[in-house]
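Lettering follows sequence order; numbering is per chain, from 1. As a basis for the values below, the full set of heavy atoms in this structure was taken, side chains included, without hydrogen atoms, waters or symmetry mates. If you're wondering where the values come from, they're calculated on a predicted model, not measured in any experiment.
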There are 2 protein chains.
Amino acid sequence: MTLSEEQRSLIEEFGIYQENNGFQPAVARVMGLLLVSDRPELTFDEISETLSISKSATSNSLNMLLNTGHIEYTTFSGDRKRYFRIKSSNWRELFAKKMEDLSYLNSLLKRVLEVRKRENPIYDTKLNDFISFLDYMKAQMPRLIDEWEKSRA
Amino acid sequence: MTLSEEQRSLIEEFGIYQENNGFQPAVARVMGLLLVSDRPELTFDEISETLSISKSATSNSLNMLLNTGHIEYTTFSGDRKRYFRIKSSNWRELFAKKMEDLSYLNSLLKRVLEVRKRENPIYDTKLNDFISFLDYMKAQMPRLIDEWEKSRA
DNA sequence: ATTTTAGTTCTGTAAATTATGAACTAATGA
DNA sequence: TCATTAGTTCATAATTTACAGAACTAAAAT
């Protein structure tokens, strides 16, 4: 596995981005590598060697990504290796998860309004606005996806 | 500052949510407290004492939240204390920042497509879909906000 | 003038996270 | 049957983070 300078730096930039999204450094680099490599499917050893991370870190990263549904693998008969690749079909699911996350936030904010006893209800209007907006977003999301699909048909 | 059990647990739940968004624990608790407390404006000492965090952690948290635009403070003449409160007017800005974040991801993904040389271009279509969807989302967001505003007028 | 207030900054450290390397396992191949 | 491959697991090392506590500062109050 040989990578261009651009590929290497993209792995790092993407890696840092994903670290900020809560992934551990090595995990984020593995995702980056699978994303930018010329070959879409890589083996355990290729990943470990190309990124210079230990076998244990590689094992841990791959299992983490398998469990969270970010990657998958194929095998070929007469070849014991697994070939790992990004599960690129699932960006919709990941997007849905982000939306779920916003839903949870919204439920927390609704509880906040119930629980706190503000003298002046003016303080509640902005929060109500945000809650309302999140509800609206969630409701409109299916339509938005639909329209996007039509727009490119 | 006395809080109900519900308020306390909401602070923790919101705190954990915000930890997952990359905030440090103490910072996340300060946001939570300012969100759920009956009085919308609290002093340094009230925050420190209510949450049982040290003055240094309180100072650090408040400055962090001031710098990132999450809170602000008022003062009253003849009173040296600052009264901190959530900058609730700015959820639009925060939302805009999230969108910026997605924009950055999108720019990375576009570079990925340019840089990697996949034998079979079929591997690029899913990624192109996602890129296209993110572009669409970004473009439609102002309209969506607009429609939401009209819907509640 | 000095004491109090309202914080800030600095140093040390406990705890958590992340990764390494070595030992291990289970399956395959020679 | 023995060696090799393709990983996994475990103990531990290194790094990072998050916070406490004490010393400090600048303005205001007495």
Partner set under side chain to side chain contact (heavy atoms under 4.5 Å, CB included) for B/Asn21, not counting sequence neighbours
B/Tyr17, B/Gln18, B/Phe23, B/Lys98

Considering all heavy atoms of both residues, which atom of A/Pro40 and which atom of B/Arg118 are nearest to each other, and what is their separation?
CB-NH1, 3.4 Å

Flag if over 12 foreign heavy atoms under 6.0 Å of CD, A/Glu6
no

If you measure only the distance, is there a donor-acceptor pair under 3.5 Å linking the side chains of A/Ser89 and B/Lys126?
no

Residues from residues 72-82 of chain B lying under 4.0 Å of DNA chain C - heavy atoms
B/Arg80, B/Lys81, B/Arg82

For B/Tyr83, give me all partners under ring-ring contact (aromatic ring centres under 6.0 Å, His included), at least two apart in sequence or on another chain.
B/Phe76

Mapping A/Gly22 and B/Asn60 to their closest nucleotides on DNA chain C, which lands nearer the 5' end?
B/Asn60

Do A/Arg116 and B/Ser37 have a side chain donor and acceptor closer than 3.5 Å?
no

Give me each pair satisfying salt bridge (charged side-chain N to carboxylate O under 4.0 Å, His left out) with a member in residues 68-83 of chain A, each pair once, sequence neighbours excluded.
A/Glu72-A/Arg85

Rounded distance in Å - CG (A/Asn67) to P (D/dT8)
11 Å

Over how many whole Å does the gap from B/Glu19 atom CD to D/dT17 atom P extend?
14 Å

In this structure, is the centre-to-centre distance between the rings of B/Phe130 and A/Phe95 below 6.0 Å?
no

Round to a whole Å and report the spacing from CD of B/Gln24 to C1' of D/dA20.
14 Å

Going by heavy atoms closer than 4.0 Å, what residues in residues 25-57 of chain A are next to DNA chain C?
A/Pro25, A/Ala26, A/Ser52, A/Ile53, A/Ser54, A/Ser56, A/Ala57

Bounds of contact between DNA chain C and chain B, in 5' to 3' order, using a heavy-atom cut-off under 4.0 Å
C/dT4 to C/dC10

Tell me if a side-chain donor or acceptor on A/Asn67 pairs with a main-chain N or O of A/Asn63 at a distance below 3.5 Å.
yes

Considering all heavy atoms, the nearest A/Phe84-A/Thr43 contact
CD1-C, 4.4 Å

